[in-house]
2 protein chains.
Amino acid sequence: MDQKIIFSEVQCTKHINAVEDALYVLGGKWKLRIIIALFSGYTRFNELQRRINGISARVLSNELKQLELNGLLKRVVQADQTPVVVEYLATEYAATLKDVVGALADWGQKHKKKITITDNV
Amino acid sequence: MDQKIIFSEVQCTKHINAVEDALYVLGGKWKLRIIIALFSGYTRFNELQRRINGISARVLSNELKQLELNGLLKRVVQADQTPVVVEYLATEYAATLKDVVGALADWGQKHKKKITITDNV
DNA sequence: CCGCATCCTCAACGATACTG
DNA sequence: CAGTATCGTTGAGGATGCGG
């Protein structure tokens, strides 16, 4: 029951730095949620905004820009239509986040179950 | 390459909610870093502060409290010593975060490699 | 060594309105 | 539909100092 050392001392800083790098890209309230929505096939701006509960247009716009800068999505404009259609598509690179999202979602689900049972008011 | 739909439409909201729950506990700048340090066997307050670059005592104190509230660590006081020794130990429950931390650290490492190669700027 | 109290700053986020 | 502009808020986090 006591403490189990999962990471060796040497790996500690390494892990912290790696997580830091990941958080730099994925941190904040919305990035991961947006990525999940993209993974689910939602591509249009308003579609995303509707799907992601509580996000404002301004914030969504900003986040999308950052995600594009980091190569996680591609902004595609279909200029040959009226009105102009803009699509946000997850890149191949974003697919490498599948494990991260999976692990996090998995844990979140278990955790919710736990606190529901524990029921600490 | 185009878009691959990784999550079904039905699972989208479910995933987003689960990630939301996880982020509620793990969100912010420090929680995961602290957990990594705990995993690595650092147990003392100042030890943690030294190991986690840039965190202030106030913030560390707050984060530790929250992590304890969420059952991820246990605050143990050795009262029979002078001065009093306080230890923070990761709980069994915290060990369930191993996959999350692993996935994130893994991705962070790959990402760093990528942006180093891409060398934007 | 442990960690709280105080005060402060800043950036992220929110709300609303408006344009092409 | 796809955003931008503007303004306001809030809370996480930083700095410092003190007390047990």
Side-chain angles (χ1 to χ4, degrees), chain A residues 3 16 19-20 22-38 41-70 72-90, chain B residues 3 16 19-20 22-38 41-70 72-90:
Chain A
Q3 164 103 359
I16 291 186
V19 167
E20 200 161 336
L23 256 43
Y24 183 78
V25 179
L26 307 173
K29 193 171 173 181
W30 301 111
K31 303 252 169 56
L32 281 172
R33 301 178 206 197
I34 293 171
I35 287 168
I36 293 173
L38 291 174
Y42 297 98
T43 62
R44 313 286 299 274
F45 190 91
N46 284 319
E47 207 172 44
L48 289 167
Q49 197 185 351
R50 255 175 277 119
R51 184 56 43 170
I52 301 166
N53 213 302
I55 196 168
S56 71
R58 188 180 75 87
V59 171
L60 179 56
S61 178
N62 286 339
E63 303 283 290
L64 288 173
K65 272 176 203 158
Q66 296 209 25
L67 290 173
E68 189 180 13
L69 273 177
N70 285 306
L72 294 173
L73 65 80
K74 195 94 185 139
R75 187 176 185 274
V76 179
V77 183
Q78 245 85 39
D80 53 349
Q81 309 206 10
T82 324
V84 170
V85 170
V86 181
E87 289 194 302
Y88 295 92
L89 302 176
Chain B
Q3 165 104 356
I16 290 185
V19 167
E20 200 161 335
L23 256 42
Y24 183 78
V25 179
L26 307 174
K29 193 171 173 181
W30 302 111
K31 303 253 169 55
L32 281 172
R33 301 180 207 198
I34 293 172
I35 287 169
I36 293 172
L38 291 173
Y42 297 98
T43 62
R44 311 288 299 276
F45 190 90
N46 284 320
E47 208 173 43
L48 289 167
Q49 197 184 351
R50 256 176 275 118
R51 183 58 41 171
I52 300 165
N53 213 302
I55 195 168
S56 71
R58 188 183 75 86
V59 171
L60 178 56
S61 178
N62 287 340
E63 303 283 290
L64 288 174
K65 270 177 205 156
Q66 296 210 23
L67 290 173
E68 188 180 14
L69 273 178
N70 285 305
L72 295 172
L73 65 81
K74 194 94 184 139
R75 186 175 186 273
V76 178
V77 183
Q78 245 85 40
D80 53 349
Q81 308 206 10
T82 323
V84 170
V85 170
V86 182
E87 289 194 302
Y88 296 91
L89 302 176

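To find a chain, count down the sequence lines: A is the first, B the second, and so on, and within it residues start at 1.
- When each of B:Asn53, B:Ile34, B:Ile35, B:Ile36 is paired with A:Ile16, the side chain to side chain contact (heavy atoms under 4.5 Å, CB included) condition holds for B:Ile36 and for no other.
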- Query: Is there a side chain to side chain contact (heavy atoms under 4.5 Å, CB included) between A:Phe45 and A:Val86 once you walk through the steps?
  - Reply: CA-CA 7 Å; A:Phe45 190 91; A:Val86 181; over 6 Å; no
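- Listed nucleotides: D:dT4, C:dC1, C:dG3. Nearest to the side chain of A:Ser61: D:dT4.
- Atom-to-atom, CD1 of A:Ile55 to C1' of D:dA2 comes out at 14 Å; the value is rounded to the nearest Å.
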- Message: Could you walk me through whether B:Lys29 and A:Leu23 satisfy the side chain to side chain contact (heavy atoms under 4.5 Å, CB included) test, starting with their C-alpha distance in whole Å, then the side-chain angles of each, then the deciding distance to 0.1 Å, before giving a yes or no?
- Response: CA-CA 8 Å; B:Lys29 193 171 173 181; A:Leu23 256 43; over 6 Å; no
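- Side-chain contact between B:Lys65 and B:Leu69: absent, with no pair of heavy atoms (C-beta onward) separated by less than 4.5 Å.
- Distances shown here put a side-chain N or O of A:Lys65 below 4.0 Å from the OP1 or OP2 atom of D:dT4.
- One atom, CG of A:Asn53, and another, P of C:dA15, lie 11 Å apart when rounded to the nearest Å.
- For the pair A:Gln49 CD and D:dG3 P, the computed distance is 11 Å after rounding to whole Å.
- A close approach under 4.0 Å does occur between a side-chain nitrogen or oxygen of A:Arg75 and OP1 or OP2 of D:dG3.
- Screening B:Leu64, B:Leu38, B:Val25 for a side chain to side chain contact (heavy atoms under 4.5 Å, CB included) involving B:Leu72 leaves a single residue, B:Val25.
- Taking atom CD of A:Gln78 as the reference point, atom C1' of D:dG3 lies 17 Å away to the nearest angstrom.
- In this structure, A:Leu23 atom CG and D:dG13 atom C1' are separated by 15 Å, rounded to whole Å.
- The distance from atom OH of B:Tyr24 to atom C1' of D:dG11 is 13 Å, rounded to the nearest whole Å.
- Here B:Ser56 does not reach the OP1 or OP2 of D:dA15: none of its side-chain N or O atoms lies under 4.0 Å away.
- Comparing A:Ala57 and B:Lys31 by the nucleotide of DNA chain D that holds the closest heavy atom to each, the one mapping nearer the 5' end is A:Ala57.
- One finds a side-chain N or O of A:Lys29 lying less than 4.0 angstrom from the OP1 or OP2 phosphate oxygen of C:dG14.
- With hydrogens and angles ignored, a donor-acceptor pair under 3.5 angstrom links the side chain of B:Arg58 to the base of D:dG14.
- At whole-Å resolution of the value, CG in B:Leu60 and P in D:dG14 are 11 Å apart.
- For the pair B:Asn62 CG and D:dG11 P, the interatomic distance rounds to 14 Å; values are reported in whole Å.
- Residue A:Tyr88 has a polar side-chain atom (N or O) positioned under 4.0 Å from OP1 or OP2 of D:dG3.
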